Peer 1: 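Here you go, one structure.
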Amino acid sequence: MHALIVIDVQNDFCLGGALAVADGDSIVEGINTLMAEADCIVLTQDWHPAGHSSFASTHEGLEPFGTVEMPYGPQVLWPDHCIEGSIGARFHTLLEKDRAQMIVRKGFRSQVDSYSAFFENDKTTATGLHGYLQERGIKHLTLVGLATDFCVAYSALDGARLGYDVTVKEALCRAIDLDGSLNAARAQMREAGVTLA
Ligand code: VGL
Ligand code: ZN
């Protein structure tokens with residue numbers, strides 16, 4: 001069985017959003033088309049409390065897109081985004097979200113960020129998605145969404161590590177590309193056996 005995992009297609013990552021990914025809106029139509037043909041559809045939703053530790057504004061004197069050392073390793077600092085219940089945290093208006101069978105929220109613990117749909121950035125706290133997919137007998141994953149080099153890549157790498165056959169459909173992803181992060185993420189995904197289609 002095959003699952004389509006749609007990563008973080010939310011207002012704050014699209015045009016006019018707090019952490020807008022260039023051209024992010026342009027993938028929505030293609031994702032809708034894919035969803036119309038998929039049997040198992042999961043959406044992820046970045047979902048942070050105000051004052052989250054990944055927000056630059058939480059750390060006095062630090063700026064967005066810098067990094068800070070967290071107990072679990074280096075963490076990029078972001079503008080405030082995807083605050084629980086806000087309009088920015090909602091899915092893109094044109095995304096046919098009613099097709100989804102499962103919505104996974106992540107990043108809701110103040111002290112740890114969560115890029116991956118499977119594990120938070122401490123690499124040990126599970127979101128529960130693996131259990132859900134296992135119970136549904138899923139072996140193959142197709143990943144699309146935002147952003148290629150952060151949440152999509154981390155999800156793909158964890159998925160491969162967990163033993164799934166993972167394909168990232170790059171034409172339906174867009175990247176933040178911070179200091180070469182897109183090239184690095186692509187190399188890591190290839191190395192992990194992820195198919196970049
Ligand atoms: C993301 C940065 C912070 C993403 C989420 O969806 O790629 N990036 N939170
Ligand atoms: Zn986030």
Side-chain angles (χ1 to χ4, degrees), residues 5-28 31 42-59 62-68 70 72-92 95 97 100 103-123 125 127 129 141 143-159 166 168-170 172-186 188-189 194 196:
I5 318 280
V6 180
I7 306 286
D8 298 1
V9 181
Q10 293 166 256
N11 290 330
D12 270 342
F13 298 120
C14 294
L15 193 67
L19 179 43
V21 180
D23 206 27
D25 303 63
S26 69
I27 63 175
V28 175
I31 292 175
V42 176
L43 307 182
T44 68
Q45 192 170 24
D46 210 42
W47 196 254
H48 301 305
H52 192 262
S53 56
S54 76
F55 296 168
S57 65
T58 302
H59 306 266
L62 298 185
E63 297 293 324
F65 309 108
T67 53
V68 73
M70 299 289 260
Y72 53 82
Q75 167 70 48
V76 178
L77 293 174
W78 304 107
D80 292 20
H81 66 279
C82 296
I83 293 179
E84 298 170 352
S86 68
I87 291 172
R90 290 186 195 160
F91 292 110
H92 189 287
L95 183 74
K97 55 194 173 295
I103 296 175
V104 177
R105 288 180 173 159
K106 60 183 181 63
F108 51 78
R109 291 182 180 85
S110 292
Q111 297 308 316
V112 53
D113 203 5
S114 186
Y115 295 147
S116 164
F118 292 101
F119 292 101
E120 303 199 354
N121 288 8
D122 62 7
K123 298 201 185 306
T125 308
T127 62
L129 178 60
L141 307 179
L143 269 61
V144 296
L146 306 169
T148 323
D149 42 347
F150 288 92
C151 291
V152 175
Y154 276 68
S155 301
L157 292 169
D158 280 345
V166 183
V168 171
K169 235 184 216 317
E170 287 194 286
L172 295 179
C173 298
R174 290 294 181 275
I176 295 174
D177 205 9
L178 200 62
D179 302 324
S181 56
L182 178 58
N183 276 336
R186 296 183 83 224
Q188 274 186 299
M189 287 192 280
V194 172
L196 301 180

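Every number for a ligand or one of its atoms is a count from 1 in the order of the listing. Numbering of residues begins at 1 and proceeds along the displayed sequence. Please read all numbers here as calculations on a predicted model, not as lab measurements.
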Peer 1: Do any of the N/O/S atoms of H81, backbone or side chain, fall under 2.8 Å from the Zn ion (ligand 2)?
Peer 2: yes
Peer 1: In ligand 1, which numbered atoms sit nearer than 4.0 Å to a non-hydrogen atom of D8?
Peer 2: 4 (C), 6 (O)
Peer 1: Go through the steps for F91 and I103 under the test side chain to side chain contact (heavy atoms under 4.5 Å, CB included), then give the verdict.
Peer 2: CA-CA 11 Å; F91 292 110; I103 296 175; 4.0 Å; yes
Peer 1: Can you sort out which atoms of ligand 1 are near C151, meaning under 4.0 Å from one of its heavy atoms?
Peer 2: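 Here the atoms of ligand 1 in question are 1 (C), 4 (C), 5 (C), 6 (O), 7 (O).
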Peer 1: Are any of the side-chain heavy atoms of S53 and Q75 separated by less than 4.5 Å?
Peer 2: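 Not touching, per the 4.5 Å side-chain cut-off.
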Peer 1: Heavy-atom distances under 4.0 Å decide this one: backbone, side chain, both or neither, for I7 against ligand 1?
Peer 2: neither
Peer 1: Mind checking whether H52 and F108 have ring centres under 6.0 Å apart?
Peer 2: no
Peer 1: Check step by step if side chain to side chain contact (heavy atoms under 4.5 Å, CB included) holds for Y115 and D8.
Peer 2: CA-CA 10 Å; Y115 295 147; D8 298 1; over 6 Å; no
Peer 1: Looking only at side-chain N and O atoms, does Q10 offer a donor or acceptor that is under 3.5 Å from a partner on D46?
Peer 2: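 There is no such pair (donor and acceptor under 3.5 Å, judged by atom type) between the side chains of D46 and Q10.
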Peer 1: Hey, is ligand 1 close enough to D46 that some N/O pair sits below 3.5 Å?
Peer 2: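 Min N/O separation from ligand 1 is below 3.5 Å for D46.
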Peer 1: Given side chains that start at C-beta, do those of I83 and D12 come closer than 4.5 Å, heavy atoms only?
Peer 2: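 SC-SC contact between I83 and D12 ruled out.
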Peer 1: Using a cut-off of strictly less than 2.8 Å, determine whether C151 has an N/O/S atom near the Zn ion (ligand 2).
Peer 2: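 Looking at C151, which is the residue asked about, there is no N, O or S atom under 2.8 Å from the Zn ion (ligand 2).
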Peer 1: Below 30° counts as parallel, above 60° as perpendicular, anything between as tilted: where do the rings of H48 and F55 land?
Peer 2: perpendicular
Peer 1: Could you name the option among W78, F13, F150 that has the heavy atom nearest to atom 2 (C) of ligand 1?
Peer 2: W78
Peer 1: Which option, S116, C82, A147, owns the non-hydrogen atom nearest atom 7 (O) of ligand 1?
Peer 2: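 Checking each option, the heavy atom nearest atom 7 (O) of ligand 1 is found in A147.
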Peer 1: Between Y115 and ligand 1, does any nitrogen or oxygen pair lie at a separation below 3.5 Å?
Peer 2: no
Peer 1: Check this for me - ligand 1, H81, N or O atoms closer than 3.5 angstrom, yes or no?
Peer 2: yes
Peer 1: Ignoring hydrogens and angles, state whether a donor on the side chain of Q111 or Y72 is under 3.5 Å from an acceptor on the partner side chain.
Peer 2: no
Peer 1: Report the atom name of the nearest N/O/S atom of D46 relative to the Zn ion (ligand 2).
Peer 2: OD2
